[in-house]
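Remarks on the structure that follows.
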Amino acid sequence: MDIKRLQYFVALVKNGNFTKTAAQLDIAQSALSVSMQKLEKETGLKLINRNKRQVQLTSDGRRLLFHARRILEDVEQAELEIEELKGLERGEIHFGVSAMLGSYFLPAALSAFSQKYPNIRIHVQEHGTATLETMLLDGELDLAFVRTDKPVEQLRYVALCPEEIMACVSEDHPFAQLSSITLEQFCQQPLILFREGYFLREAVSRYCRKYHVKPDLRFETNLIELAKDLVRNSVGISTCLNLIISDNDPLVCVPFNPAIKVEFGIGWKSSHYLSQAARTFMAFMEEWYHKHPSRPAAIRA
């Protein structure tokens, strides 16, 4: 089976139409169409239904797509391993991280890594954790910075950063004088929360569902600085991690009782061959976070 045709097939399914795929592959649309016709002839199967707007897979096409992705990933991993057996370092890492975690956990570490290993290129993609995990499983990423306390089958992890979700309040809020609060106390206040599906919202949503509480939700935003500004101006209170609050912020982090623990680190697909560059990156990150543990937030006892 022709590998290039499989590559074209996977790209066509991802893009959904011939025009966009041909442009991405830098080939004529007619050449792409002929290639797909030859793939169908080679397999003896009807793989795609063509219409003016979008390509739709047949049931046989969906099955081939599953195998095509695995074949292409295996070919890529074999090529990479052969290069390294020859002593050639690829020097390239496809790395995923969410915008928030990337902004607060990684800048200093990535800068230090780049200075130490200037010939290793890191291609960073920003997505939510669920999307990053899917991209790891699909072989689109080598590594990703994700939660490690909720493992996904077929992924492996190196835990780097134990953290704790806390309540974020203004300095003049009554909670600022307390050593801890409960989720019940928290949910009785006007709230500024991340959107559903994000870990800073998760515990609050779970509590509200369990006890049939309708929270007083004043703002819902994934913009951290906006949320912090709203808390500063006493619009409501929110949830946060240690690193989100700087020393100069007029904000106070109050722990929950019981504590809400989370953990972050690097994940990768267990069957994915990790290049020397990726292994070097992981070793560096482990050493970095061992030497630079998370800075405590402004907590009032």
Any chance [atom1] of [X] has more than 12 other-residue heavy atoms, nucleotides or ligands included, within less than 6.0 Å?
X      : atom1 : value
Phe284 : CZ    : yes
Lys20  : NZ    : no
Arg232 : CZ    : yes

Is the closest side-chain heavy-atom distance between [X] and [Y] below 4.5 Å?
X      : Y      : value
Glu184 : Tyr211 : no
Asn49  : Leu57  : no
Ile93  : His123 : no
Gln7   : Leu72  : yes
Ile122 : Phe281 : yes
Ile224 : Ile244 : yes
Ile165 : Cys240 : no
Val152 : Tyr157 : yes

Is any side-chain N of the basic residue among [X] and [Y] closer than 4.0 Å to the acidic one's carboxylate O?
X      : Y      : result
Glu287 : Lys291 : yes
Arg63  : Asp60  : no
Glu220 : Arg195 : no
Glu202 : Lys150 : yes
Lys269 : Glu73  : yes
Lys228 : Asp249 : yes
Glu263 : Arg147 : no
Lys14  : Glu140 : yes

Set out, in order, the CA-CA distance, both residues' side-chain angles and the distance that settles side chain to side chain contact (heavy atoms under 4.5 Å, CB included) for Leu39 and Leu64, then state yes or no.
CA-CA 11 Å; Leu39 181 61; Leu64 179 63; 4.2 Å; yes
Could you pull out the closest heavy-atom pair between [X] and [Y], with the gap in Å?
X      : Y      : result
Thr239 : Leu200 : OG1-O, 2.7 Å
Leu6   : Ala68  : CD2-CB, 4.0 Å
Ala167 : Ile181 : CB-CD1, 3.7 Å
Gly61  : Phe9   : O-CZ, 3.6 Å
Gly267 : Val146 : N-CG2, 4.2 Å
Glu40  : Ile48  : OE2-N, 3.3 Å

For Tyr104 and Phe264: C-alpha separation, side-chain torsions, deciding distance, then whether ring pair (Phe, Tyr, Trp, His ring centres under 6.0 Å) applies.
CA-CA 12 Å; Tyr104 286 91; Phe264 304 102; over 10 Å; no
Flag for Thr19-Gln29: side-chain donor and acceptor within less than 3.5 Å
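Thr19 and Gln29 do have a side-chain donor-acceptor pair below 3.5 Å.
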Any side-chain donor-acceptor pair under 3.5 Å between Gln24 and Asn15?
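A pair is found: one side chain offers a donor N or O, the other an acceptor, under 3.5 Å apart.
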Report the C-alpha separation of Ser170 and Asp172 in whole Å, then their side-chain angles, then the decisive distance to 0.1 Å, and conclude whether the side-chain hydrogen bond (donor to acceptor under 3.5 Å, both in side chains) test is met.
CA-CA 5 Å; Ser170 62; Asp172 58 356; 2.7 Å; yes
Do any N or O atoms from the side chain of [X] and from the backbone of [Y] form a donor-acceptor pair under 3.5 angstrom?
X      : Y      : answer
Ser180 : Asn257 : no
Ser238 : Ala227 : no
Ser103 : Ala99  : yes
Asp229 : Glu225 : no

What's the verdict on salt bridge (charged side-chain N to carboxylate O under 4.0 Å, His left out) for Lys261 and Glu163, showing C-alpha distance, side-chain angles and the deciding distance?
CA-CA 6 Å; Lys261 302 290 188 179; Glu163 283 290 331; over 6 Å; no
Roughly how far, to the nearest 0.5 Å, is [atom2] of [Y] from [atom1] of [X]?
X      : Y      : atom1 : atom2 : value
Asn222 : Arg201 : CG    : CZ    : 9.5 Å
Leu47  : Glu42  : CG    : CD    : 10.0 Å
Ser98  : Leu132 : OG    : CG    : 7.0 Å
Tyr198 : Ser205 : OH    : OG    : 13.5 Å
Lys214 : Cys187 : NZ    : SG    : 14.0 Å
Asp74  : His272 : CG    : NE2   : 11.0 Å

Step by step, work out the side chain to side chain contact (heavy atoms under 4.5 Å, CB included) result for Leu193 and Val204.
CA-CA 9 Å; Leu193 297 177; Val204 177; 4.0 Å; yes
What's the verdict on side chain to side chain contact (heavy atoms under 4.5 Å, CB included) for Leu241 and Val262, showing C-alpha distance, side-chain angles and the deciding distance?
CA-CA 10 Å; Leu241 296 176; Val262 292; 4.1 Å; yes
Examine Tyr8 together with Phe18 and report whether their ring centres are nearer than 6.0 Å.
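No.
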Do Phe105 and Tyr289 have ring centres separated by under 6.0 Å?
no
Let me see the working for Glu164 and Ile260 under side chain to side chain contact (heavy atoms under 4.5 Å, CB included), right down to the final yes or no.
CA-CA 6 Å; Glu164 183 176 344; Ile260 304 175; 5.5 Å; no
Ile3, Val34: one ILVMFWY side-chain cluster at the under-4.5 Å cut-off?
no
